[in-house]
2 protein chains.
Amino acid sequence: MTALFISQKRAEIPRLRSAFPDVRQVDPERVLRLTKRGDQIWLMTDHAEWPALTTALAAQGCTIVVMTLVPSEAEALQALQAGARGYLHALSPPELLSQAALVTGNQGVWVPAELLSKVLGAAFTTLGGRESLPVDSLAILTERERAVALAVAEGRSNKEVARLLDITERTVKAHLGAAFRKLGVRDRMQLVLKLSRQDENIV
Amino acid sequence: MTALFISQKRAEIPRLRSAFPDVRQVDPERVLRLTKRGDQIWLMTDHAEWPALTTALAAQGCTIVVMTLVPSEAEALQALQAGARGYLHALSPPELLSQAALVTGNQGVWVPAELLSKVLGAAFTTLGGRESLPVDSLAILTERERAVALAVAEGRSNKEVARLLDITERTVKAHLGAAFRKLGVRDRMQLVLKLSRQDENIV
DNA sequence: AAAAATATTGGACCGAAGGACAGTGTTTGA
DNA sequence: TCAAACACTGTCCTTCGGTCCAATATTTTT
């Protein structure tokens, strides 16, 4: 994993280097030929092409954190919609940079707390929430039947479930059979499909 | 820092416990008196008050991850809007739960990759999952093995697949056995889990 | 108190699933 | 051309999964 700092201007960010000693500074024009899947990119918004560059790098499988000197809600949304996983002030303290790296490196999204509600609120109103409250199939099961069904839905065999719940394999079969009947499925395969893909049945 | 698992039903989630051995299960009614700032809350959407509870807990300074058996874009938005920092499938593998805990514990937002783009309206590329992507997994199979594996992953029995592909049930077993070996799974249950939860599987 | 639901287990049965071993014909690549 | 991969099928065997016939004890509901 390589860490790259992309900026049009030659403005070095000391705090970035103190958080990531191995970071390399690269020009926007050449970065697309230097990056590979999984690279961590710190991208300054000091040139006009940064949204397109973000999208292109995201398509390559890079993790992009957009850095700005003037944070704004609009720019944050633009960054995230372009495929960036993080957005923060360029002069953030090193601990914050490390935190953002940790979060974005683990498939998370990092946005400053004061912008988070605005960004999510905007996303919410933009997409509009259509209320589709899916019925919970497991509600009609008893506690024990549900425990067995959930364990089975994770791929466990009857014997494994028996050990897990400290009951006989025969009892597992009993609960499981009851669950099958109540849920209207014929076997464990249908069960796991019903549980993991219910949204497709609703919508 | 305390980890609490909140569910109306007594459904234990074994994977949650395997990722966080010290997690305590608490009833929704009593959780507000037990939590303190910084606690990590895993909240199931199996009762009607979960959005209000999320807001209340977020106001207390807790980190909330909403878990559901039926992920949907609308519910994800509702969770984040209510103040949750994470949203994921209740049957996610332990590594994913750990990752979500890490991200949300560091002020990050965690949403499954396939929902992230919808939630933020962004062009996220599915990063991670190197050898786990469905296409990658199925790529190592022959055309026939892939056809059988996909049919089985839809819940069909060997006999049904045989009729579907107009071959003998014995041949289905042959192709399926080869697929098991190549994919490193032990039976059809593991296969459907591997294929249906690919997008969440990061490794 | 009576009735219903739940949790637990037993035995037996049968089909499905998966592997071991063996064989045929076709296609493809070195 | 020859080896390797592929597609296909057979028999035999073991284990697993699911359902049928029960039974008993506890809890909850009516």
Is a donor-acceptor contact shorter than 3.5 angstrom present between the side chain of A:R170 and the base of C:dT8?
no

In terms of the nearest nucleotide of DNA chain D, which residue is placed more toward the 5' end: B:E143 or A:A174?
B:E143

Look at A:T142 and C:dA5 and indicate whether a side-chain polar atom (N or O) is within less than 4.0 Å of OP1 or OP2.
no

Do the side-chain N or O atoms of A:R144 get closer than 4.0 angstrom to the phosphate oxygens (OP1, OP2) of C:dT8?
yes

Please determine whether a side-chain nitrogen or oxygen atom of A:S157 lies at a distance below 4.0 Å from atom OP1 or OP2 of D:dC16.
no

Between A:E169 and A:N158, is there a side-chain donor-acceptor contact under 3.5 Å, judged purely by atom types and distance?
no

Donor-acceptor side-chain pairing of B:Q107 and B:T63 below 3.5 angstrom:
no

Considering just the side-chain nitrogens and oxygens of B:K159, establish if one lies under 4.0 Å of OP1 or OP2 belonging to C:dA16.
yes

To the nearest 0.5 Å, atom CD1 of A:I41 lies from atom CD1 of A:I64 at 6.5 Å

Does the distance from a Lys or Arg side-chain N to an Asp or Glu carboxylate O, for A:R188 and A:E154, drop under 4.0 Å?
no

Looking at C:dG18, does its base get a donor-acceptor pair with the side chain of B:R188 below 3.5 Å?
no

Just the rounded figure in Å: distance from P of C:dA17 to CZ of B:R181.
18 Å

Output the single nucleotide from C:dT8, D:dC6, C:dG18 whose closest atom is nearest the side chain of B:K173.
C:dG18

Under a 3.5 Å threshold, yes or no: a donor from one side chain and an acceptor from the other, between B:T142 and B:E145?
yes

Looking at A:T168, does any N or O in its side chain come under 4.0 Å of the phosphate oxygens OP1/OP2 on C:dT8?
no

D:dT19 P sits how many Å from A:E169 CD, rounded?
14 Å

Looking at B:N158, I'd like to know whether one of its side-chain N or O atoms comes within less than 4.0 Å of OP1 or OP2 on C:dA16.
no

Assert: residue with more 5' nearest nucleotide on DNA chain D, out of B:D187 and B:L165, is B:L165

Indicate yes or no: at least one non-hydrogen side-chain atom of A:T68 is less than 4.5 angstrom from one of A:H89.
no

When the distance from CZ of B:R186 to C1' of D:dT15 is rounded to whole Å, what number comes out?
13 Å

Is any NZ, NE, NH1 or NH2 atom of the basic residue among B:R186 and A:E160 found under 4.0 Å from an Asp or Glu carboxylate oxygen of the other?
yes

Under 3.5 Å between N/O atoms: give me all the protein pairs with nucleotides 28-30 of chain C, atom names plus distance.
none

Look at the side chain of A:K182 and decide which nucleotide, out of D:dC8, C:dT6, D:dG18, has an atom nearest to it.
C:dT6

To the nearest angstrom, how far is A:R156 atom CZ from D:dG17 atom P?
14 Å

